[in-house]
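Have a look at the structure below, then the notes.
Counting convention: from 1, in listed order, for ligands and their atoms alike.
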Amino acid sequence: MIVPKPVNHESRPGSFVLDSRTSLAADPELREVAAWLRGELGPVTAGELLPGPGSGTITLTLGDLPPEAYRLTVGQDVEIVAGGPAGAFYGSQTFRQLLPPAAFRKAATGPFTVPGAYVEDAPRFRWRGCLLDVARHFMTKHDVLRFIDLLALHKLNVLHLHLTDDQGWRIEIKRYPRLTEVGAWRGESQTGWNGAMDGRPHGGYYTQDDLREIVAYAARRHVMVVPEIDLPGHTQAAIAAYPELGNLGTPLEVRTTWGVGVNVLNVEDSTIEFFQNVLDEVLELFPSPYVMLGGDECRKDQWRASPAAQRRMAELGLRDEEELQSWLIHRFDDYLTARGRRLVGWDEILEGGLAPGAVVASWRGELGAVAAARRGHDVINCSNTSLYLDYRQGPGEEEPIPFGTVLTLEDVYAFEPVPEELRGDAAAERVLGAQCGIWTELIDSSRHVDYMAFPRLAAFAETVWSPAGRDLPGFRERLAAHLPRLEAIGVEYRRAAGPLPWQRRPGVPGRPEDPERWQAKLDAWTSNLRTL
Ligand code: TNX
């Protein structure tokens, strides 16, 4: 009962006993994976699990397979043959799931018996991501590391960290210390959506050492951390720290309310240079080939009213503010491309002309994914209507701070990463994979993240890892076996019946959408995508 479902899983005669005499051997290239597995299984084996003769042996070896693929055989011994370290890691994760849930406890004591099995497995998509918004509500470094372990357990391989927004700047930049001195804190927050102010300061940021640690910890678990520095919208925290980045001469505060703001970057050369300097530090911290620069929800009111922005448009011969945004994103695309990286932007970057090397993260439904793939751009399907895990999980009033449309476990499980319009089309190859999102305006703690993410994230993992096609009854059975693992780890997932009493947040206003209003909103959101 493996989650996500492997390509092939059969039972075999015999069984394996994991105990204090179990040994672990690995090809030199797989030493890091072996060290990680030893750490996970160590408690079960009383901390031993050393190379050498014992009762049974776990071996990790390289074989002729794609890098993320593996074959796992469980008999008297355990053999994991993998195409590369990632495959060996996924094979090891599968092996852990063959153990009883108690093995997921940090101080579990064996011995544990594993029935004979044979598993052949490889992922369907190479981008299996999850966005975590640490800008709206900060999550401690410890919580992020724990979350990475949970992604890796589900064989996801991308953590998209949304590090900056109107309400907070969470990454230390040595050259511009005020970004965190000022931008990492806000005086108070709106409770829920449009509720009263809580009167309580909120903040936090990651030092560069913290981020190096997060990146290295994730890399060991075959998770790539993709940083997002959102611009030119969603930048009020940066403007609060350095008012010269904005369009108004007047100082601003780090934003304390939710929703799309009007304060955006100006388009001066000095502002572009500022963010290029920020990116220099970002690139040093994050080795990922991809860098997310947002580009979403940039209101153009201030550019329309700004003589400087209008002058810039006239000089450049640009028709409208959409083209101005596109020009700005192009500048950053060139900057990243020259440094061997690829820009990822939300589907708004399609408006006004797409930068040549850019990857599109399509979030407003799937129209952007189709348009971008047809133009030959790589695409990550992040469709809000299927994958925004901040949306409420049931129609009931009791959902904590209900937001967006209803997105049940079954809805997420039904998601198909390749949009229907692209099926059978060569452009379907452009879909690198998909990514679910945990936006945190209304999620103010790691406990609440657990509630929103699980078990929907397990359903999502099957849509990106497992072969195409869905089998809901089969998934339910696998999930029934999986939930005790989450419990053993200490994940406060949502029960099928709804929130437990302490998971409710009565009286905190949410923003549930009724189906009609939701459709109208989607239509308005995507009207400019339709004309591309
Ligand atoms: C839209 S996804 C946003 C976020 C919000 C989210 C809430 C995207 C590119 N923009 O800023 O947090 O909706 O669901």
Check: side chain to side chain contact (heavy atoms under 4.5 Å, CB included) with Ala184: which residues, sequence neighbours excluded?
Finding: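 Partners of Ala184 by the side chain to side chain contact (heavy atoms under 4.5 Å, CB included) criterion, ordered by chain and then number, come out as Arg170, Thr180, Tyr205.
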
Throw together a table of side-chain donor-acceptor distances under 3.5 angstrom for residues 401-408, partners on residues two or more places apart or in other chains.
{"unit_1": "Thr408", "atom_1": "OG1", "unit_2": "Glu410", "atom_2": "N", "d": "3.4"}
{"unit_1": "Thr408", "atom_1": "OG1", "unit_2": "Glu410", "atom_2": "OE1", "d": "3.4"}
{"unit_1": "Thr408", "atom_1": "OG1", "unit_2": "Asp411", "atom_2": "N", "d": "3.0"}
{"unit_1": "Thr408", "atom_1": "OG1", "unit_2": "Asp411", "atom_2": "OD1", "d": "3.4"}
{"unit_1": "Thr408", "atom_1": "OG1", "unit_2": "Asp411", "atom_2": "OD2", "d": "3.1"}

Next item on the list: Mind jotting down which protein residues get a heavy-atom contact under 4.0 Å with ligand 1? Chain and number order, please.
Entry: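 The 4.0 Å shell around ligand 1 contains Arg136, His234, Asp296, Glu297, Trp346, Trp363, Tyr388, Asp390, Tyr391, Phe403, Trp439, Glu441.
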
Next item on the list: Would you tell me whether Tyr290 and Asp378 have side-chain atoms, one donor and one acceptor, within less than 3.5 Å of each other?
Entry: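 Tyr290 vs Asp378: no donor-acceptor pair found between side chains.
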
Next item on the list: Could you tell me whether Arg178 sits above the aromatic face of Tyr176, with NZ or CZ closer than 6.0 angstrom to the six-membered ring centre and within 45 degrees of the axis?
Entry: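 The answer is no, since Arg178 fails at least one limit relative to Tyr176.
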
Check: Tell me, which pairs form a ring-ring contact (aromatic ring centres under 6.0 Å, His included) where one or both residues lie in residues 442-461, sequence neighbours left out?
Finding: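 Residue pairs with at least one partner in residues 442-461: His154-Phe454.
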
Next item on the list: Provide the closest heavy-atom pair for Val158 versus Leu151 in the form atom of the first, atom of the second, distance.
Entry: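 Result for this residue pair: O-CD1, 4.2 Å.
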
